[in-house]
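Working notes, structure below.
Positions are given from 1 along the sequence.
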Amino acid sequence: MKSPYPSPILGAAFALFAALSNGTVGVLSRSAFNEGLDHTAVAFWRCGIALSLISIVVLWKDGGLARLTAAFAGSWKIAACSALGIFTLYHFETRAFAYAPIPLVAILVFAGGLGAIALDIIILKERVTKRKAFAMVMVFLGGFFLIAGDGLVTGSMMGVTLALIAGVGYASFIFAWKFFKLRSSLENFWLFLAYGLVMLAVPYFWSGAQIPSANALPSLLSLGVIPSFCGFYCTILALQHIEAYKTQVIESSEPFFSALFAAVFFGEWLTGSEMCASLAIILGALITSMPDRRGVPIQVRGIVNLTKRGTDVR
């Protein structure tokens, strides 16, 4: 039987590039900090630049404005998801980079993101398979030893707490997007970013609405273009060539790229115990991403419903 996916190799390449793009968040945020920006400015401008790019994509197509206007009606559910997936993730993750090493923040956010599985089980009463239970135990133990071991030595309690809040927010966003049964379209993604930008504007203006200097612009533009736009768009392209679960498996390499970039550009390395704990977390993610006997895994099926005409949201 012929595969419905045109180019698996190309799809894998897009998914890998998405993971690589998303792995730049930490080093680019730290670079912006070094140019004098605070976390509120970095989060706000990152979201604003990504929104500008997606606006061009949406409005470039015929009837884009009409579709955007139609999608706005009843978009409170998207606003709720944006509060979790944009405001909570961008605000707290960006702030965490100022208090803890980049690899530690990346792994903790990644671990918190897998909490979406727990929400599925508790609220949606989804079936707990042995594989899913094993994966959750691995993630929990990995996170516990990462924090209880060297985590509080290499990073402050503030950094660890902020990273965990960001991860929980991201997990709640994934669950909410599925719970509300939202369609993953470009128009919905535009609204998702727009609501997030409005929310991020509150702490930004409360902190004095810092204007980026010319030296900070390269880092901010890179944040908006590489992880926020290219990472998202490469995921869309990957889903047109390979199955959703394969995309998620490949993109589970994101923490590796975060750690690699942190080591190369800032000399921040995970210790031996942190590396073992991180591998347990990533392995748990890989296990949950593999398809079950019924096909695509539950948590992926709910948020990526879109091979031919859809989009994905980070």
Side-chain angles (χ1 to χ4, degrees), residues 19 22-33 37-44 46-47 83-119 136 138-175 196 199-200 203 223 227-228 231 251-263 265-266 268-271 273-285 314:
N22 293 329
T24 64
V25 172
V27 293
L28 292 174
S29 297
R30 185 68 60 79
S31 297
F33 294 156
L37 291 179
D38 64 13
H39 68 280
T40 63
V42 172
F44 175 81
R46 171 191 172 186
C47 185
L84 299 169
I86 293 293
F87 178 78
T88 304
L89 177 63
Y90 280 26
H91 180 75
F92 289 99
E93 180 188 36
T94 305
R95 190 177 181 188
F97 287 128
Y99 292 94
I102 294 170
L104 181 62
V105 173
I107 291 295
L108 288 175
V109 172
F110 188 73
L114 294 175
I117 304 173
L119 291 173
M136 291 182 67
M138 289 190 66
V139 173
F140 175 79
L141 290 178
F144 173 79
F145 286 112
L146 188 62
I147 298 171
D150 296 327
L152 295 181
V153 176
T154 58
S156 68
M157 175 62 77
M158 176 66 77
V160 170
T161 302
L162 291 170
L164 288 176
I165 292 174
V168 171
Y170 183 58
S172 301
F173 146 67
I174 294 176
F175 167 79
M199 296 175 197
L200 289 171
L223 272 170
S228 302
E251 291 192 16
S252 293
S253 61
E254 177 189 335
F256 165 78
F257 289 114
S258 295
L260 178 63
F261 291 140
F265 292 103
F266 292 102
E268 296 182 357
W269 296 86
L270 291 173
T271 64
S273 60
E274 287 176 342
M275 187 68 73
C276 292
S278 300
L279 289 175
I281 292 171
I282 295 174
L283 183 58
R314 184 183 186 267

Just how far is it from atom [atom1] of [X] to atom [atom2] of [Y], taken to the nearest 0.5 Å?
| X | Y | atom1 | atom2 | result |
| --- | --- | --- | --- | --- |
| M199 | H91 | CE | NE2 | 13.0 Å |
| I102 | T24 | CD1 | OG1 | 10.5 Å |
| F87 | L89 | CZ | CG | 11.5 Å |
| Y90 | F44 | OH | CZ | 13.0 Å |

Evaluate the side-chain contact (heavy atoms from CB on, under 4.5 Å) criterion for residues L200 and R46: first the C-alpha distance (whole Å), next the side-chain angles of each, then the deciding distance (0.1 Å), finally the verdict.
CA-CA 10 Å; L200 289 171; R46 171 191 172 186; over 6 Å; no

Measure the shortest side-chain to side-chain distance between [X] and [Y] over non-hydrogen atoms and say whether it is less than 4.5 angstrom.
| X | Y | answer |
| --- | --- | --- |
| T88 | F173 | no |
| L223 | S29 | yes |
| F33 | H39 | yes |

Name the orientation class of the two ring planes belonging to F265 and F261 (parallel below 30°, tilted from 30 to 60°, perpendicular beyond 60°).
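The arrangement is tilted - the two ring planes meet at 30° to 60°.
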
In sequence, state the C-alpha distance, the side-chain angles, and the governing distance for F97 and V25, and then conclude on side-chain contact (heavy atoms from CB on, under 4.5 Å).
CA-CA 9 Å; F97 287 128; V25 172; 3.8 Å; yes

Closest non-hydrogen atom pair, [X] against [Y]:
| X | Y | value |
| --- | --- | --- |
| A100 | V105 | CB-CG2, 3.8 Å |
| G159 | A96 | O-CB, 3.7 Å |
| G196 | I86 | CA-CG2, 3.4 Å |
| T94 | A43 | OG1-CB, 4.1 Å |

With A41, which residues qualify under side chain to side chain contact (heavy atoms under 4.5 Å, CB included), at least two apart?
L37, D38, W45, Y204, Q210

